[in-house]
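Below, each value reflects all heavy atoms present in this structure, side chains not excepted, and no hydrogens, waters or symmetry copies. Predicted model, so just to flag it, every value in this text is computed and none were measured. Residue numbers begin at 1 in each chain, while the letters A, B, ... track the order of the sequences.
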Amino acid sequence: MTVRVRFSPAPTGYLHVGGARSALFNWLYARHTGGTFVLRIEDTDTDRSSDHLIEAIYDSMRWLGLDWDEEYRQTDRAEQHLAFANDLLATGRAYRCDCTRDLIDARIAERGDAANSGYDGYCRDRDVAAGDGVVVRFRTPDEGITGWDDIVRGRVEFDNAVLEDFIIVRSNGTPMFHVANAFDDADMGITHVVRGEDLVNTTPRVLLLREALGYPDPPVYAHLPLIVNEKRQKLSKRRDDVAVGDYRANGYLPEAMRNYLITLGWGPRDGEEIAPIERFVEQFELSDINNSPAFFDVKKLQHFNGEYIRALPIERFVELTADLRPQAVPLDLYERMAPFVQARLVRLSAEEIEPLVSWIVGPPLEPSDKDWKKVMGKAGVADVLRTVAARLETVEWTPEALEACVFGVGEELETKTQLPVRMAVTGARTGMPLFEPMAELDRAEAIDRINSALARVEG
RNA sequence: GCCCCGUUCGUCUAGCGGCCUAGGACGCUGGCUUCUCAUGCCAGUAGCACGGGUUCAAAUCCCGUACGGGGUGCCA
């Protein structure tokens, strides 16, 4: 049997990390088995879906390197879904209903039976005619059990009696999710359904619909554990910052994102968490997915990102970050500094690059009082600065000579000299190696900065 | 309320009855490398939710309890 899996996002929002993980696991399984990865846009909710969002989903998937083999849009297939629903109507497995939500709620209140708050089957035998405000509901069996063997969760069963008669065609005539989903999975020959656990309770409905239409072999289901926030709740587009596009914009590499996502709910057998995607394709098995929710840990993502940044060939690093450098930094200067920058970034962001290099072409950074005191408050700093400033007048202006000069002063005065010089020249106590970028400064400018610092120290 | 599900270091995972004095990774702490920071390397820290069974043997199987989550739409 050839594996056919599908990722079926509803284009009602941007692709978020949960959806991306579902897409990724489907993709991994398809590539692992040599099967087919189908992308099916579930845009049956036309009010909330948009072409713009569909494009954004394509974009995020391509960014992550998740290529698909076939592509469908459910709205293109609405006629078939409707025909499917009509079959059910014709065979009495579905019926029309004109109850409004208010009416249903009123009956529930009247019954005083909060335990059974779903639809009560009021219209089952009323023989409602087609018309305004009329929907089609599926007649769920009153007894029996609907269940399946989930690869991740094991046997899952629902008592049919608790399944209410759900709507399959809206009053505006458009088919709903369950019917579209059931028909398409059958029609497209989907063999494995890999999706989030939040869809578990729609599964018995889809299974019942398939059965009602006589499709024999349901696909194998694998419901993925949810990705949760620090409060252990399902990630929400509103509450949490989770759009894949945002991570892209914030300087995460797609390889890092993809690699990190793989570790959520699955672990490679060989324990190598950071590895080329091919290694994961080789090892990926649905049966190895674990079944408890995973917290999306940005700290660990950042670690992965740092690893991938440092692994970048330097030319590629420059290519990716050149536009993020401060405007005033010439490209050739940036290229010379790039190796030092690369080793220090967690994200490819202007925010992180700026303080590293801006002082070479602009004024020194402005240190906090605390940092200033920590470095400049030490005894002997004035002597160091004075001596270094004097020697800088004549020293050869190369990184090597600068280093020899500054360290030489240290030996003579029996103290460490880099930190005060660094603070004077860059305005920070941390950053790139000092002497390479310092050699890019004008001699006079460098001496000037040290003298200003000296003045401030002697206050 | 009702239905479904989950529970191994703070976090992500390995573990499928003896290889477990529970392994790895992130984080954190300390050390080495280094006259900054970062990297790299080394070390330390910390966990089988609880209670009963089953078994010669349980993190692993069973049953309860507690806690947590998902769903309960003319969303998907």
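Taking only side-chain atoms of A/Lys234, from C-beta outward, the nucleotide of B/C3, B/C4, B/G70 with the closest atom is B/G70. Of the candidate nucleotides B/C3, B/U13, B/G73, B/U13 has the atom nearest to the side chain of A/Ala294. The side chain of A/Thr430 sits closest to B/U36 out of B/C4, B/G69, B/U36. Taking every side-chain heavy atom of A/Asp297 into account, B/U11 is the closest of B/C37, B/G6, B/U11. Distance from the side chain of A/Arg170 is smallest for B/C75 among the nucleotides B/G73, B/G70, B/C75. Counting only heavy atoms from C-beta on, A/Glu197 has its side chain closest to B/G69 among B/G27, B/G69, B/C12. The side chain of A/Arg101 lies closest to B/G73 when the candidates are B/G73, B/G6, B/C26.
B/U21 makes up no base pair with any nucleotide shown, lacking Watson-Crick or G-U wobble contacts both under 3.5 Å. Judged by Watson-Crick or G-U wobble contacts below 3.5 Å, the nucleotide B/C32 has B/G40 as its partner. Base pairing of B/U45: its partner is B/G27, meeting the Watson-Crick or G-U wobble criterion (both donor-acceptor distances under 3.5 Å). Pairing partner, B/U7: B/A66, with both Watson-Crick or wobble hydrogen-bond distances short of 3.5 Å. Remark: B/C2 base-pairs with B/G71. Criterion, Watson-Crick or G-U wobble with two distances under 3.5 Å. Look at B/C16: it lacks any Watson-Crick or wobble partner with both distances under 3.5 angstrom.
Taking atom CG on A/Leu264 and atom C1' on B/A25, their separation rounds to 13 Å, with Å as the unit. Protein atom CD of A/Glu42 is 14 Å distant from nucleotide atom P of B/C75, rounded to whole Å. The CD-C1' distance, from A/Gln74 to B/C75, rounds to 13 Å in whole Å. Residue A/Lys300 contributes atom NZ, which lies 7 Å from atom C1' of B/U13 at whole-angstrom precision. Distance, A/Ile227 CD1 to B/C5 P: 22 Å, rounded to whole Å. Rounded to whole Å, the distance from CZ on A/Arg137 to P on B/G73 is 10 Å. Regarding A/Gln302, its CD atom lies at a distance of 15 Å from the C1' atom of B/C12, rounded to whole Å. Following rounding to the nearest Å, A/Asn229 (CG) and B/G68 (P) show an atom-to-atom distance of 15 Å.
Across the interface with RNA chain B, nearest-nucleotide mapping of A/Phe304 and A/Cys97 shows A/Phe304 to be the residue nearer the 5′ end.
OP1 or OP2 of B/G40 lies within a sub-4.0 Å distance of a side-chain N or O belonging to A/Arg310. In this structure, A/Asn290 does not reach the B/C16 phosphate: none of its side-chain N or O atoms is under 4.0 Å from OP1 or OP2.
Among the atoms of the strands shown, base atoms are found under 4.0 Å from some heavy atom of A/Phe177. A/Glu157 comes within 4.0 angstrom of the backbone, heavy atoms only, and of no base. Within 4.0 Å of A/Gly265, counting heavy atoms only, lie sugar-phosphate atoms of the nucleic acid but no base atom. Residue A/Glu307 is classed as a sugar-phosphate contact, given heavy-atom separations below 4.0 Å to backbone atoms only. Within 4.0 Å of A/Arg232, counting heavy atoms only, lie sugar-phosphate atoms of the nucleic acid but no base atom. Contacts of A/Leu301 with the nucleic acid, taken as non-hydrogen atoms under 4.0 Å apart, are absent. Nucleic acid contact for A/Arg48: base, since at least one base atom lies under 4.0 Å from a heavy atom of the residue. Note on A/Arg195: nothing from the nucleic acid sits closer than 4.0 angstrom, heavy atoms only. Using a 4.0 Å heavy-atom criterion, one finds that A/Ser292 contacts the sugar-phosphate atoms exclusively. Nucleic acid contact for A/Leu434: none, since no nucleic acid atom lies under 4.0 Å from a heavy atom of the residue. Contacts of A/Phe407 with the nucleic acid, taken as non-hydrogen atoms under 4.0 Å apart, include base atoms. Across all strands, A/Val135 comes closer than 4.0 Å to base atoms (heavy-atom distances). Contacts of A/Pro433 with the nucleic acid, taken as non-hydrogen atoms under 4.0 Å apart, include base atoms. Residue A/Thr44 is classed as a sugar-phosphate contact, given heavy-atom separations below 4.0 Å to backbone atoms only.
Between the side chain of A/Asn305 and the backbone N or O of A/Val346 there is at least one donor-acceptor pair closer than 3.5 Å. Using modelled atom types, no side-chain atom of A/Glu157 and backbone atom of A/Gly147 make a donor-acceptor pair closer than 3.5 Å.
In this structure, A/Arg77 is not positioned above the aromatic face of A/Phe183 in the sense of NZ or CZ being under 6.0 Å from the six-membered ring centre and within 45° of the axis. A cation-pi contact, defined as under 6.0 Å to the ring centre and within 45° of the axis, links A/Arg21 to A/Phe25. Both cation-pi conditions hold for A/Arg137 and A/Tyr119: the charged atom is under 6.0 angstrom from the six-membered ring centre and inside a 45 degree cone around its axis.
Of the C1' atoms belonging to B/A49 and B/U55, the separation is 23 Å, rounded to the nearest Å. Comparing B/A22 with B/G10, their P atoms are spaced 15 Å from each other, to the whole Å. Remark: the separation of the C1' atoms in B/A46 and B/U8 is 12 Å, to the nearest Å.
Ring centroids of A/His16 and A/Tyr14 are separated by 6.0 Å or more, keeping the two rings apart. Checked against the 6.0 Å centroid criterion, the rings of A/Trp27 and A/Phe280 do not qualify as a close aromatic pair. Aromatic pair A/Phe296/A/Tyr260: centroids less than 6.0 angstrom apart.
In this pair, A/Trp266 and A/Phe284 present their aromatic rings tilted. The plane angle is within the 30 to 60° band. Relative ring orientation between A/Phe138 and A/Phe166 is described as tilted, the plane-to-plane angle lying within the 30° to 60° band.
Remark: A/Ala343, A/Arg344 in residues 338-360 of chain A come within less than 4.0 Å of RNA chain B through at least one heavy atom.
Between A/Thr100 and A/Asp102, the side chains place no donor N or O within less than 3.5 Å of an acceptor N or O (distance only, hydrogens not considered).
Taking 3.5 Å as the limit, the base of B/U36 and the side chain of A/Arg429 contain no donor-acceptor pair of atoms between them. Side-chain atoms of A/Glu273 and base atoms of B/G24 include a donor and an acceptor less than 3.5 Å apart. Residue A/Lys299 places no side-chain atom within donor-acceptor reach of the base of B/C26, judged by atom type and a 3.5 Å distance cut-off alone. Judged by distance alone, with hydrogens and angles left aside, A/Thr12 brings no side-chain donor or acceptor close enough to the base of B/C75 to form a pair under 3.5 Å.
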